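What follows is one structure encoded as structure tokens, with my remarks underneath.
Just so it is clear, the structure is predicted and the values come from calculations on it, not from any experiment.
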Amino acid sequence: MKITKIDHIHVYVGNIELAERWYQEVLGFSRDDSLYFWFEQGGPLVIRNNGASLSLFLRKNQHPGHTVAFAVEAAAFLSFVPALNAKGIPFTVCDHDVSMSVYFNDLSDNKIELTSYEYLLAKQLLESIV
């Protein structure tokens with residue numbers, strides 16, 4: 001499978017507004033208005049600085065830590081999902097309305113997300129193999 005790039009990292013914070021301001025003032029991040037609807041629906045607040053992207057989540061019961069999301073082409077799911085099944089690695093699929101993602105954990109229970117913004121193709125492929 002070919003990973004295109006690190007797409008984003010989940011960062012769990014105690015206060016979204018304070019975290020957004022801190023990342024803006026210290027590291028120059030700004031809100032991604034095109035994905036603000038996710039935040040309005042209870043999801044993350046996505047902030048960016050050029051090619052770097054963070055998804056700020058309100059920490060509820062999560063321990064400090066992160067989820068690393070790798071961008072992939074939709075076709076990568078065709079071989080990757082069967083490989084997860086063959087290795088007995090549990091996963092979940094999530095439709096984010098603009099992207100499709102597969103979530104799973106590594107051996108140390110670190111969370112990993114593979115996401116594709118080739119939304120319609122990824123959705124079709126995942127529906128056919130899951």
Give, for atom [atom1] of [X] and atom [atom2] of [Y], the distance between the pair rounded to the nearest 0.5 Å.
X: L126; Y: S116; atom1: CG; atom2: OG; value: 8.5 Å
X: L120; Y: M100; atom1: CG; atom2: CE; value: 10.0 Å
X: S101; Y: L114; atom1: OG; atom2: CG; value: 8.0 Å
X: D32; Y: S53; atom1: CG; atom2: OG; value: 7.0 Å
X: I47; Y: E20; atom1: CD1; atom2: CD; value: 7.0 Å
X: S128; Y: K123; atom1: OG; atom2: NZ; value: 13.0 Å

Work out which heavy atom in [X] is nearest to a heavy atom in [Y]; give both atom names and the distance.
X: L45; Y: R31; result: CD1-NE, 3.7 Å
X: P90; Y: F104; result: O-CB, 3.5 Å
X: A74; Y: L125; result: O-CD1, 3.5 Å
X: F91; Y: V93; result: CE1-CG2, 4.0 Å
X: H96; Y: W38; result: O-NE1, 3.0 Å
X: I16; Y: L58; result: CD1-N, 3.6 Å

Can you hop from [X] to [Y] via hydrophobic side chains spaced under 4.5 Å?
X: V68; Y: F29; value: yes
X: I3; Y: V81; value: yes
X: F77; Y: Y117; value: no
X: L35; Y: L56; value: no
X: V46; Y: V13; value: no

*Checking N15 side chain against L18 main chain: does a donor-acceptor pair fall under 3.5 Å?*
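Indeed, once roles are kept as given, a pair shorter than 3.5 Å links the two residues.
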
_Matching residue for V102 among T115, L84, T92, I112 - test: side chain to side chain contact (heavy atoms under 4.5 Å, CB included)_ =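 When side chain to side chain contact (heavy atoms under 4.5 Å, CB included) is applied between V102 and each of T115, L84, T92, I112, only L84 qualifies.
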
*Is the CD1 atom of I89 crowded by more than 12 outside heavy atoms at less than 6.0 Å?*
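More than 12 heavy atoms, drawn from other residues, nucleotides or ligands, come within 6.0 Å of this atom.
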
*Are more than 12 heavy atoms from other residues, nucleotides or ligands located less than 6.0 Å from atom CD of E118?*
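Check passes, neighbour count above 12.
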
*Within-4.5 Å side-chain heavy-atom neighbours: T4 and F70*: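 Result no, sub-4.5 Å side-chain heavy-atom pair not found.
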
*Answer whether the closest heavy-atom distance between the side chains of F37 and V98 falls below 4.5 Å.*
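Side chain of F37 against side chain of V98, heavy atoms only: contact under 4.5 Å found.
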
*E113 and T67: side-chain donor and acceptor closer than 3.5 Å?*
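No pair is found: no donor N or O on one side chain lies under 3.5 Å from an acceptor on the other.
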
*Classify the side-chain pair D95/Y119 by whether it contains a donor and acceptor separated by less than 3.5 Å.*
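Result is yes, a qualifying pair exists.
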
*Output yes when E73 and K2 qualify as a salt bridge under the 4.0 Å nitrogen-oxygen rule, no when they do not.*
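Looking at K2 together with E73, the answer is no, because their closest N to O distance does not fall below 4.0 Å.
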
*Indicate the ring-plane relationship of H8 and H10, choosing parallel, tilted or perpendicular according to the 30° and 60° boundaries.*
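Because their plane-to-plane angle is under 30°, the rings of H8 and H10 count as parallel.
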
